[in-house]
**Student:** 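Sharing a structure here in structure tokens format.
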2 protein chains.
Amino acid sequence: MDIYEPVTKVAQLIGDPRRATILMTLVDGQAWPAGDLAQVAGISPSTASDHLGQLVSGGLLTVVQQGRHRYYRIANSDVAQIMESLASVAPPGPIRSLRQSDLRKALQYARTCYDHVAGYVGVAVTEAGIRRGYWNQEEAGYWLTDAGLAWLQEIGVPCDAGQRSIPTHIDWTERAGHLAGPLSVRLTARLFELGWFTRGTGTTIASKRTVVVTEAGKDAFRQHLGLEFRNARS
Amino acid sequence: MDIYEPVTKVAQLIGDPRRATILMTLVDGQAWPAGDLAQVAGISPSTASDHLGQLVSGGLLTVVQQGRHRYYRIANSDVAQIMESLASVAPPGPIRSLRQSDLRKALQYARTCYDHVAGYVGVAVTEAGIRRGYWNQEEAGYWLTDAGLAWLQEIGVPCDAGQRSIPTHIDWTERAGHLAGPLSVRLTARLFELGWFTRGTGTTIASKRTVVVTEAGKDAFRQHLGLEFRNARS
DNA sequence: TTGTCATTTCGAGCGTAACCGAAGTTTCTG
DNA sequence: CAGAAACTTCGGTTACGCTCGAAATGACAA
């Protein structure tokens, strides 16, 4: 009689503080070994193993063995999206320290999320590309134009000319779409390579999710996309 | 230290079978008294009251008192969207009866969801309107054209000519956007009035969420939007 | 006012699941 | 072939929260 059992199961898995911490740690698409995740969640390895097993059999995580490590990662981009969207419905919650407040602002400004850059910066880049005619908005995603293909090749992003469809993801802090999918992965990687982006400098894993636009990057985005970023702290 | 507490809290609230049933029952935006919800979830009134209290203080539901009844409803469209998206990541789950299978197909075909018609039909109507030039796709929603305004007035939907922006919602079974917001509410209500749509005939509350396109409606959609619906059972 | 209905509050019972330490398994290292 | 490292499995403890019935509250009707 319970048609909603699958929904309940997924929510229940996310609804444990340790598992939620693990999932949010992995939401940027990177893979971490079980031991590190245990430490992040503040639990013993055996408990973490239990939680990780549940998340895998629930379809939220996948695991690959490498040597004596087992690396866990988010199973697919839908799971990442769910975590992002949950984070947006949830009330902001009390800020308990200045560092927390700064971290939240930095994440809102720009963060890596599974296969792309999310937050204000991700949306701004996507929209600037539309204005420049590099890709067009479509019903369910974007369509790469010839001009866009040329630009991507110019800045050194490997492209397949036959693959013009770019999926979209909704950014829940900005309430707007941005590029996603394989092309977005390569573009993002290339922008890090070019030094337009760099990673946050904190010691915690969460702070490593933050993305910073370098001074060189600001110039480059202005020149290539006519894009003027707003300040990070606002 | 736990910055993810709000996320955990929301997921934990959804992650109980009874509460999930209550939320999914309310996801179409209607309000129901506590006693009815207790019956739907198959629990005693006192237990239901406890759950409902939790959902209200967690910000997922709101409650209005009318006489000696207290009517509960989904707090906002974000909550409805979360429930819809959770239902899509979750694996389909085993079908335990023919009736369940039929109900799921009907819900997938068309259902009322908070403030609009969702499912295949909702997406199809939205896209037909784009093809007809009644509204245009925009970055974060749709923009009502003059032709669209005229059409809406022609079929008797009250419109404010100054209010051209239409928000969007992502439909997770179809993976595409559809109309939402106040205008969508009025349009949907009018289509029921005109007899293009009618409600599902089942006795359960879930089956009442389903939407059926009438024969008259099929003709009307064909004539007005050039829209040919696929069959409901496929 | 009294009685009834819808709902909430309280108290107690109970089951499940998170948790850890110890032991077991697998894989790399010396 | 030991020995260590990374991780999982198992067993036992503990605590949280779901559950209901009984009683209290609040609203309406006679």
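Reminder, nothing fancy here: chain letters follow the sequence lines and each chain counts from 1.
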**Student:** Ignoring backbone atoms, establish whether B:Gln54 has a side-chain N or O less than 4.0 Å from OP1 or OP2 of D:dC18.
**Tutor:**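 So the side-chain polar atoms of B:Gln54 do come within 4.0 Å of the phosphate oxygens OP1 or OP2 of D:dC18, strictly under.
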
**Student:** Do the non-hydrogen side-chain atoms of A:Gln30 and A:Arg73 ever get within less than 4.5 Å of each other?
**Tutor:** no

**Student:** Taking 4.0 angstrom as the limit, do B:Glu84 and B:Arg111 come out as a salt bridge?
**Tutor:** yes

**Student:** OP1 or OP2 of C:dC28 sitting under 4.0 Å from any side-chain N/O of A:His69?
**Tutor:**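 No.
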
**Student:** Verify the contact: side-chain N or O of A:His51 to OP1 or OP2 of C:dA17, cut-off strictly under 4.0 Å; return yes or no.
**Tutor:**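 For A:His51, the contact criterion (side-chain N or O under 4.0 Å from OP1 or OP2 of C:dA17) is not met.
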
**Student:** Just so I know, are the side chains of A:Val121 and A:Tyr109 near enough to count as touching, which here means a heavy-atom distance under 4.5 Å?
**Tutor:** yes

**Student:** B:Arg70 side chain N/O closer than 4.0 Å to the phosphate oxygens (OP1, OP2) of C:dT8?
**Tutor:**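 Looking at the OP1 and OP2 atoms of C:dT8, one of them is under 4.0 Å from a side-chain N or O of B:Arg70.
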
**Student:** By nearest nucleotide on DNA chain D, pick out whichever of A:Tyr72 and B:Ile43 is the more 5' one.
**Tutor:**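 Comparing both residues, the 5'-ward one is A:Tyr72.
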
**Student:** Expressed as a whole number of angstroms, how long is the span from A:Leu55:CG to D:dT8:P?
**Tutor:** 12 Å

**Student:** Given atom CD of B:Gln12 and atom P of D:dC16, what is their separation to the nearest angstrom?
**Tutor:** 12 Å

**Student:** Pick the nucleotide of DNA chain D nearest each of A:Ser49 and B:Arg19; which residue has the one closer to the 5' end?
**Tutor:**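 This one resolves to A:Ser49.
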
**Student:** What integer distance in Å separates A:Leu13:CG from C:dA18:C1'?
**Tutor:**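 Rounded to the whole Å, the gap is 13 Å.
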
**Student:** Would you mind telling me which of A:Leu37, A:Val79, A:Leu52 makes a side chain to side chain contact (heavy atoms under 4.5 Å, CB included) with A:Leu61?
**Tutor:**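 That would be A:Leu52; it is the only one of A:Leu37, A:Val79, A:Leu52 passing the side chain to side chain contact (heavy atoms under 4.5 Å, CB included) with A:Leu61.
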
**Student:** Compare the minimum distances between each of D:dC20, C:dC19, C:dT7 and the side chain of B:Pro33, then state the nucleotide with the smallest one.
**Tutor:** C:dT7

**Student:** Separation of A:Arg18 atom CZ from D:dA15 atom C1', in whole Å?
**Tutor:** 13 Å

**Student:** D:dC20, C:dT8, C:dC19: which one has an atom nearest the side-chain heavy atoms of A:Thr47?
**Tutor:**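 Nearest to the side chain of A:Thr47 among the choices is C:dC19.
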
**Student:** So B:His178 and B:His116, would you call those rings parallel, tilted or perpendicular, with 30° and 60° as cut-offs?
**Tutor:**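 The arrangement is tilted - the two ring planes meet at 30° to 60°.
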
**Student:** To the nearest Å, how far apart are B:Gln65 CD and D:dT25 P?
**Tutor:**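 Atom CD in B:Gln65 sits about 16 Å away from atom P in D:dT25.
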
**Student:** Measure distances between side-chain N and O atoms of B:Arg68 and base N and O atoms of C:dC5, and say whether any donor-acceptor pair falls under 3.5 Å.
**Tutor:** yes

**Student:** Is any side-chain heavy atom of B:Phe197 less than 4.5 Å from a side-chain heavy atom of B:Val212?
**Tutor:**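 When only atoms from C-beta onward are counted, B:Val212 and B:Phe197 do not touch, as no gap falls below 4.5 Å.
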
**Student:** Which of the following nucleotides, C:dA18, D:dT19, D:dT8, is nearest to the side chain of A:Pro45?
**Tutor:**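 Within the option list, the nearest is D:dT8.
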
**Student:** Side-chain N or O of A:Tyr71 versus OP1/OP2 of D:dC7: is the shortest distance under 4.0 Å?
**Tutor:** no

**Student:** Would you mind reading off the distance between A:Leu37 atom CG and D:dA6 atom P, rounded to a whole angstrom?
**Tutor:**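 Spelled out: CG on A:Leu37 to P on D:dA6 is 14 Å.
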
**Student:** If you find the nucleotide of DNA chain C closest to A:Ser46 and the one closest to B:Ser46, which residue's nucleotide is nearer the 5' end?
**Tutor:** B:Ser46

**Student:** Can you tell me how far P of C:dT7 sits from CG of B:Leu61, to the nearest Å?
**Tutor:** 14 Å

**Student:** I need the CG-C1' distance between B:Asp16 and D:dC16, as an integer number of Å.
**Tutor:**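 Nearest whole value for this atom pair: 13 Å.
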
**Student:** Touch check for B:Asp50, heavy atoms < 4.0 angstrom, all strands: base, sugar-phosphate only, or nothing?
**Tutor:**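 Touches a base.
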
